[in-house]
Amino acid sequence: MLLLLGTTALFAPMLAPRDPLSQNLDQDLIAHSREHPLGTDKLGRDLLSRIIYGGRVSLLVGMATVTLSLTIGVAIGSFSGYFGGLVDQMLMRLVDILMAFPGILLAIAFTAVLGPGLDHVIVALCLIGWTGYARLVRGEILSLRERDFIHAARALGGRPKRIILRHLLPNLLPPLLIQATFGLAAAVVAEGSLSFLGLGVEPPTPSWGSMLNDGRQFLLVAPHLTTYPGLALMITVLALNLVGDALQERLNGRNR
Amino acid sequence: MKRYVLYRLLFLLPTLLGALTLVFLLIHLIPGDPVDVMLGETAATADKEALRESLGLNRPLSVQYRTFMFDLAAGDLGRSLYERASVTEIVRARFPATLELALCAMIAAIAISFPLAVVAAVRRGSWIDRSALTFSLFGLSMPNFWLGPLLMIIFSIQLGWTPVSGRGGFGHLVLPAFTLGLGMSAILIRILRASLLRAMNEEYVQTARAKGLSEQRVWLKHTLRNALLSVITIMSLQFGSLLTGSLITETIFSWPGIGRLTVQAIQTRDYPLVQGCVLVIAVSYILVNFLTDLAYRLVDPRITYGE
């Protein structure tokens, strides 16, 4: 399912039957037709094409948010866990403070101030997104750094950077992979929420969240405008949660 | 307990200060001139100057920060640009509606999750168990900005059972409370089921059975009671999330709470009001989590958190 969603998003220009931005006011709010299998919106734009292109935005924001948060979180968590001391204490207090702040509220406030836009959404979601990875990596490194193989690497003269990259981080891949999968699902929903509030991507670029918001005005006459983009979003999040659950079961089971 | 409260208070203060500083910085993050963003570039110079003066934006940042903190200590959140009223008064008028919705959403979540989780744990591996887990997975994956309109289409527009939007009697509450509470119920089902299954294997439960207690008594008095501990924490923590989740749910159902107020303030670029709303929601969220920690310690004195 995820592979299908990813492929559809990647090859959207080839797979979408029509231009997602092309308007045709003579054919607005059609429920179903041969030309438009999922109907059209208020400007006569093909809904199927807009959903396909909307998937691109959701997955792009999700992937970028996870990659950026993961990079920042792993760097800070590794540094904090490996070296410890005052810097570790300060970084972890910062993590505590950021984690105590409701993430989506900060993202909403941030994009409200900076204005909508793909880059603003990604930065807004990373503001708190990195903290979970940092805490996870720090905790794991704290328990791993006293293990024999790390002592051996140190005794052989291994430098901290090499020990972290070659010996510690490979051991953290399973929990990071699980957290990244759930993080991707959360980022897709968060992007949808921001777009729904008009703070995500700017029109006329299609996004599932903004399509749902547009559809709210036509609940009585064109419920398909709300049903299909939401279904696409839910299937994506459901698939990611299922993969996350399966990974958790398999990788944690193996670790036990 | 006193030492524990002091420890948590010591942690609460920098957290609150950090949150307040973050909120303060938000309005100063606006690239370029914040007044241009609020009034538009075509606004008259005199209007811009007046706004700059009233918001204190022509003073150094450190002075603005100090004034912000002192005003806050006096309960002054500034004045709304468009409603021409005190932000504190506006927020105070809207907060009860948000609280009402959050509490009802919590009740809805409990009403859905508790029976499902208990039956799922008792009949582990059965179709009921699998259905409960599937329901939970769907609940976790269904964004409330889709669920809300979907429920509206079915129950308000097609069946006509509930009002479409607004605040009024019980009927007005049903759909928003269910929309907001579904995510929480999905989490509660998973946690309560797992806690019950764990508790079932504990020695005290086996002892209770060996003593010849009825299965019902074993469940109610021993298993469920102990499994509830972890659920109470999650419930309280989730209550904080309900406050932030209200932004979208209140917007969908035109619920006149602080969430909808925040979104309206964002749309009208009323930044003092945005700042006030974000601040109140964030501080409520942090305080709810703080009180949860204390309550949990009261329920389970073994908790120490590195005292």
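A quick note: this is a predicted structure, and the numbers were derived from the prediction, not measured. We name chains A, B, ... by the order of the sequence lines, and we start the count at 1 in each one.
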Among B:L140, B:L243, B:I252, residue most engaged with chain A (heavy-atom pairs, under 4.5 Å): B:I252

Measuring from B:L247:CG to A:F196:CZ, what's the distance to the nearest 0.5 Å? 11.0 Å

Need one label for A:L240: side chain, backbone, both or neither, based on atoms under 4.5 Å from any heavy atom in chain B. neither

From the list A:S193, A:G198, A:P223, the residue making the most non-hydrogen contacts under 4.5 Å with chain B is A:S193

So with a 6.0 Å cut-off around CZ of B:R269, is the heavy-atom count from everything else above 12? no

Is there side-chain contact between B:P143 and A:L233, with at least one heavy-atom pair below 4.5 Å? yes

Return the option, out of B:Q267, B:M152, B:R190, with the maximum number of heavy-atom pairs under 4.5 Å with chain A. B:R190

Side chain to side chain contact (heavy atoms under 4.5 Å, CB included) assessment of A:M234 paired with B:L150: CA-CA 12 Å; A:M234 198 204 72; B:L150 210 61; over 6 Å; no

Gap between atom CD1 of A:I104 and atom OG1 of B:T244 - 0.5 Å precision: 8.0 Å

In this structure, CG of B:L22 is separated from CG of A:L127 (nearest 0.5 Å) by 8.0 Å

Which atoms of B:Y285 are under 4.5 Å from chain A, going by heavy atoms: the side chain, the backbone, both sets, or neither? side chain

Straight-line distance of B:L137 CG to A:N241 CG, nearest 0.5 Å: 6.0 Å

Let me know if A:L212 has heavy atoms under 4.5 Å from chain B in its side chain, its backbone, both or neither. side chain

Check each atom of A:I235 against the heavy atoms of chain B and say whether the ones under 4.5 Å are side chain, backbone, both or neither. neither

Could you check A:L197 against B:I266 for side chain to side chain contact (heavy atoms under 4.5 Å, CB included), going step by step and ending with a plain yes or no? CA-CA 9 Å; A:L197 294 174; B:I266 289 170; over 6 Å; no

Do other residues, nucleotides or ligands put more than 12 heavy atoms under 6.0 Å from B:L13 CG? yes

Chain B contact via A:A185 - side chain, backbone, both or neither, heavy atoms under 4.5 Å: neither

Ranked by heavy-atom pairs below 4.5 Å to chain A, first place among B:S241, B:G148, B:P149 goes to B:P149

With a cut-off of 6.0 Å (strictly less than), are more than 12 heavy atoms of other residues, nucleotides or ligands near CE of A:M63? no

With side chain to side chain contact (heavy atoms under 4.5 Å, CB included) as the test, would you mind laying out the steps for A:N213 and B:F145 before giving the verdict? CA-CA 8 Å; A:N213 191 28; B:F145 53 88; over 6 Å; no

dist B:I157:CD1 -> A:L219:CG (nearest 0.5 Å) comes out at 4.5 Å

Region of B:V263 in contact with chain A, defined by heavy-atom distances below 4.5 Å: side chain

Might you confirm whether atom CE of A:M1 has over 12 heavy atoms from other residues, nucleotides or ligands at distances under 6.0 Å? no

Which one of A:V189, A:L98, A:T226 has the most heavy-atom pairs closer than 4.5 Å to chain B? A:T226

Looking at B:G245, B:A19, B:G18, which makes the most heavy-atom pairs under 4.5 Å with chain A? B:A19

Above 12 or not: heavy atoms from other molecules or residues under 6.0 Å from CZ of A:R93? yes

Heavy atoms from other residues, nucleotides or ligands near CZ of B:F95 exceed 12 (cutoff 6.0 Å): yes

Is it the side chain or the backbone of B:V23 that comes within 4.5 Å of chain A heavy atoms, both, or neither? side chain

Straight-line distance of A:I108 CD1 to B:T262 OG1, nearest 0.5 Å: 8.5 Å

